[in-house]
Amino acid sequence: MSDIQITLQNAVAQAVEHLYGTPTESSKVLVNNTPPDFQGDYSVVIFPFVKLSKKSPDFTAGEIGAFVQEKVELVKSWNVVKGFLNLEISEIYWNSFLQSVAENHHFGKKPFTGRKVMVEYSSPNTNKPLHLGHIRNILLGWSCTKILEAVGFEVIKTQIINDRGVAICKSMLSWKLFGEGKTPESEGVKSDHFVGDWYVLFEQKSKEEYEQWQQSSIAKELFNTRKKTEQTEKEFFKDFKNKWFNEYSKLGSEVRDMLLKWESHDPEVMALWKKMNNWVYQGFDQTYGDLGVSFDKLYYESDTYLLGKDIVEQGLSKSVFYKKEDGSVWVDLTDAGLDHKVVLRSDGTSVYITQDLGTAQMRYKELGCEQFVYVVADEQNYHFQVLFETLKRLGEPYAGGLHHLSYGLVELPTGRMKTREGTVVDADDLIAEVTRLAKEQSAERGEIDGVAMAEKNENLRRVGMGALKFFIIKVHPKKKMIFNPEESVDMQGQTGPYIQYSFVRINGLMQRIEKEGVDLSMFAKYSDMKPQEKELLVALHEYPEIIQSAADEFDPSLIANYCYALAKSYHRFWHDLSIFNAETNEAKAFRLLLSKAVGQVLKSGMGLLGIEMPDRM
RNA sequence: GGUCCCGUAGCUCAGAUGGAUAGAGCAUUUGCCUUCUAAGCAAACGGUCACAGGUUCGAGUCCUGUCGGGAUCACCA
């Protein structure tokens, strides 16, 4: 609710009490924006008061309208349509509002409140490069950090790196067996892709080994004795794959051996592990840089995977957890609609959730945040429900401030991306592709042919990335997304470049103001406001509320849709009205000031999405 | 089977706390650059808001059920 809407709510509530003698809670009064086809700026829904007035909706609206106009100076006029009271706000209000926006680069943002939140928005595995799914995760999370900052939080941006386990051992073993000492430099391959390639090779070699093994007499015998009725050989071996890898595979046993050596800190394995992970980090850094994101604090699973044992002890002593005869420890969450869940294995080792419990506690002690946001795909909804509920029962002080920003998976028109089928959309490829597209389209237009190469490249990089980022962020996080690599991302219509283009138009005006030294102070004498101008003012007016709801709901798509709507209104305004050649000097000043304000808000809003504005395009 | 999420135009998506005739973009068709950048503007076409009940002055929005799609229910991470 904006200040003016609250004023109107209060006035209506007063009117109802005064006219019909029944006190009404002002927050219950509905004050919406008036739809474009009607005259007025804000509309009050009158139906709820009809019971009190015992008169017709339109008559009631008239009585309330007269009272409100009397009471609130800023209400210039009112009219009634079918039970809706439409109120028009005076130019004085809009003019002073416009001036305050144009003068304030932080319009819509709140000052620092002293509150602190941690956002974990990337959790990559170190055995392969980042892909489109990671991009959605990272962009949503990054935008979320910007939005939380805008409402006054100090935000600690973190990533947890899954740098240990079977997966990275596969890459390591594969390189050790077949690598012949090759390096990313020697092969001229981006270093995280280099590591990923060895992982892929491992899977390939393992598949070959499995196929060969299926011909052995042991395999034939297993098939004949254990197959289910009607099961073909192919089906049987498909199901058997994990068991084979764990019990019969030579590569499988070598990987497990390597994992054990890693756990016992074998120097040779540790050296190899560090070497390969460093290659991956180098590659990740470049991709993060291209995406324009950064972190304040890094967590490595190799440091945290043993955490959580003491929290299990605490849980047992508080009787939040219970122990079975075999020594495993459990939590019973059935009364919260969840299930029984293991928190410690019978052999005393951690499971995934043990680690998360421990990490949460450690972070709280270390960072002192009151809120924690985890940006993780919706596959893990259940896990986070269990995690949060468990922390709550343990009485952790931050338990009320935990939030899982859950988002839907990115899918291809053919379904989920699959490494095995080679349908994974690689992050670096995609970034290169959108940049190429932006350059191609710019060349077709020829608008900035004369601009210096470096400046041109930077502008077009922003356009390409703007297209990609907007494409992803405009969709509500919890919805799954379809991405068609054939069509890639658009640059026309409801897109990032569309919004950037409206900014570029404004930027052109601002440069001209500077060159020609236009005096904007006479804007306040402009009184004949056009609908296209009012529409922009109303939109600007909503910006602070939009940021607040985006923060409350952890939903950057609200900002994206807002920016699009604002840009759309601006394009219409630009088309319909002359700005520099306006009818009067007052109109010219007003439109230029309005343009300036719109430009600032667009830049600010897109900044909350992690999208930079080009100067020219 | 239990729990959760989704179902809006041919396609991709908007539709705060229930409010006025359900909106954009893409695609298709058609207009608009001697005037501030046409990555733009305007128009046409396109809908039983999955279906059936219910709540009420009013339901795409809330409740119940049905049907479709997805996720998850490991001493995996």
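Hydrogens, waters and symmetry mates are skipped; everything else that's a heavy atom, side chains included, is used. Letters go in sequence order (proteins before strands), and every chain restarts at 1.
- Considering only side-chain N and O atoms, A:K82 lies under 4.0 angstrom from the phosphate OP1 or OP2 of B:U21.
- Both A:S328 and A:L85 lie close to RNA chain B; mapped to their nearest nucleotides by heavy-atom distance, the more 5′-ward contact belongs to A:L85.
- In this structure, the CH2 atom of A:W330 is 8 Å from the P atom of B:A74, given to the nearest Å.
- Taking the centre and axis of the six-membered ring of A:W330, the NZ or CZ atom of A:K323 falls outside the cone set by 45° and 6.0 Å.
- Nucleotide B:C57: paired with B:G19 (Watson-Crick or G-U wobble, both distances less than 3.5 Å).
- With both ends at atom C1', the span from B:G46 to B:G19 equals 26 Å, rounded to whole Å.
- In this structure, A:K568 reaches the B:G25 phosphate: one of its side-chain N or O atoms is under 4.0 Å from OP1 or OP2.
- A ring-centre distance under 6.0 Å is found for A:F573 and A:Y570.
- The distance from atom CG of A:D378 to atom C1' of B:U3 is 14 Å, rounded to the nearest whole Å.
- Side-chain proximity of A:P35 to the nucleotides B:A71, B:A20, B:C13 is greatest for B:A20.
- Contact check, A:Y498 against B:C41: a side-chain N or O comes under 4.0 Å of OP1 or OP2.
- Relative to the side chain of A:D37, the nucleotides B:A14, B:U21, B:U35 differ in distance, and B:U21 lies closest.
- As judged by a 4.0 angstrom heavy-atom cut-off over every strand, A:E545 is placed among residues making no nucleic acid contact.
- Pair assignment for B:G7 gives B:C67, based on Watson-Crick or G-U wobble hydrogen-bonding distances that are each under 3.5 Å.
- Distance CE (A:M491) to P (B:C26): 14 Å, rounded to an integer number of Å.
- Between the side chain of A:S43 and the base of B:A20, at least one donor-acceptor pair of N or O atoms lies under 3.5 Å.
- With a 6.0 Å radius and a threshold of 12 heavy atoms from other residues, nucleotides or ligands, A:E514 has its CD atom at or below the threshold.
- For the OP1/OP2 pair of B:A42 and a distance below 4.0 Å, the side-chain nitrogens and oxygens of A:R572 include at least one atom meeting the criterion.
- Nearest approach of A:Y564 to A:Q494, heavy atoms of both residues: CE1-CA, 3.4 Å.
- In this structure, the CG atom of A:L344 is 15 Å from the C1' atom of B:A74, given to the nearest Å.
- The ring of A:Y374 has its center closer than 6.0 angstrom to the ring center of A:F384.
- A:E447 comes within contact range of at least one nucleobase, with a heavy-atom separation under 4.0 Å.
- In this structure, A:V475 reaches the sugar-phosphate backbone alone: every heavy-atom distance under 4.0 Å involves primed, P, OP1 or OP2 atoms, never a base.
- Pairing partner, B:U12: B:A24, with both Watson-Crick or wobble hydrogen-bond distances short of 3.5 Å.
- A straight line from NE2 of A:H575 to P of B:A42 spans 7 Å, rounded to a whole angstrom.
- One donor-acceptor pair, N or O on each side, does fall under 3.5 Å between the base of B:A20 and the side chain of A:N86.
- For A:K478, the listed nucleotide lying nearest its side chain is B:C5; candidates were B:A77, B:G70, B:C5.
- Comparing A:D490 and A:D576 against RNA chain B, the residue whose closest nucleotide sits nearer the 5' end is A:D490.
- Taking atom P on both B:G7 and B:U12, the two are 13 Å apart, rounded to the nearest angstrom.
- The shortest distance between the side-chain N/O atoms of A:R591 and the OP1/OP2 oxygens of B:C36 is not below 4.0 Å.
- Seen from the ring of A:F580, A:R512 counts as a face-on cation partner, given the 6.0 Å and 45° thresholds.
- Nucleotides B:A16 and B:C63 are separated by 15 Å at their P atoms, to the nearest Å.
- Nucleic acid contact class of A:S549 (heavy atoms, under 4.0 Å, all strands): none.
- For B:C33, the base adopts the syn conformation, since its glycosidic angle falls within 90 degrees of zero.
- No engagement by A:I546 is indicated, since no non-hydrogen atom pair under 4.0 Å with the nucleic acid exists.
- Looking only at side-chain heavy atoms (C-beta outward), A:L412 and A:I482 stay at 4.5 Å or farther from each other.
- Taking atom P in both B:G58 and B:A20, the straight-line distance is 15 Å, to the nearest Å.
- Residues A:I46 and A:I64 are in side-chain contact: their nearest non-hydrogen atoms beyond the backbone lie under 4.5 Å apart.
- We find that CD of A:Q9 is positioned 15 Å from P of B:U17, with the value rounded to whole Å.
- Ranking B:C73, B:G19, B:A20 by closeness to the A:F47 side chain, first place goes to B:G19.
- Here A:L30 lies in heavy-atom contact (under 4.0 Å) with a base.
- Across the P atoms, B:A14 and B:A24 are found 16 Å apart, a figure rounded to whole Å.
- In this structure, A:P48 reaches the bases: a heavy-atom distance under 4.0 Å links it to at least one base atom across the strands shown.
- Contacts of A:I579 with the nucleic acid, taken as non-hydrogen atoms under 4.0 Å apart, include base atoms.
- A:N32 comes within 4.0 angstrom of a nucleotide base, judged by non-hydrogen atoms across all strands.
- Residue-level contact check: A:V166 touches neither bases nor backbone, having no heavy atom under 4.0 Å from any strand.
- Across all strands shown, A:V50 has no heavy atoms under 4.0 Å from either base or sugar-phosphate atoms.
- In this model, the phosphate group of B:A77 is not approached by any side-chain N or O of A:R164 to a distance below 4.0 Å at OP1 or OP2.
- Among the nucleotides B:C36, B:G40, B:G19, the one closest to any side-chain atom of A:F84 is B:G19.
- Pairing partner, B:G31: B:C41, with both Watson-Crick or wobble hydrogen-bond distances short of 3.5 Å.
- B:A22 has its base anti relative to the sugar, with a glycosidic angle deviating from 0 by more than 90°.
- Taking atom P on both nucleotides, B:U64 is separated from B:G40 by 44 Å, rounded to a whole Å.
- Phosphate contact (OP1/OP2 of B:G70, side-chain N/O of A:K479, threshold under 4.0 Å): absent.
- Here the separation of B:G15 from B:G31, taken at their P atoms, is 35 Å to the nearest Å.
- B:G1 is paired with B:C73 under the Watson-Crick or G-U wobble criterion, all donor-acceptor distances under 3.5 Å.
- Nucleic acid contact class of A:Y564 (heavy atoms, under 4.0 Å, all strands): sugar-phosphate only.
- Other residues, nucleotides and ligands place more than 12 heavy atoms under 6.0 Å from the NZ atom of A:K530.
- Pairing partner, B:G46: none, since no Watson-Crick or wobble contact has both distances short of 3.5 Å.
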Output, in order, the C-alpha distance, side-chain angles, deciding distance and verdict of side chain to side chain contact (heavy atoms under 4.5 Å, CB included) for A:V463 and A:V434.
CA-CA 9 Å; A:V463 173; A:V434 292; over 6 Å; no

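- Here, B:C51 and B:G68 have their P atoms 15 Å apart, quoted to the whole Å.
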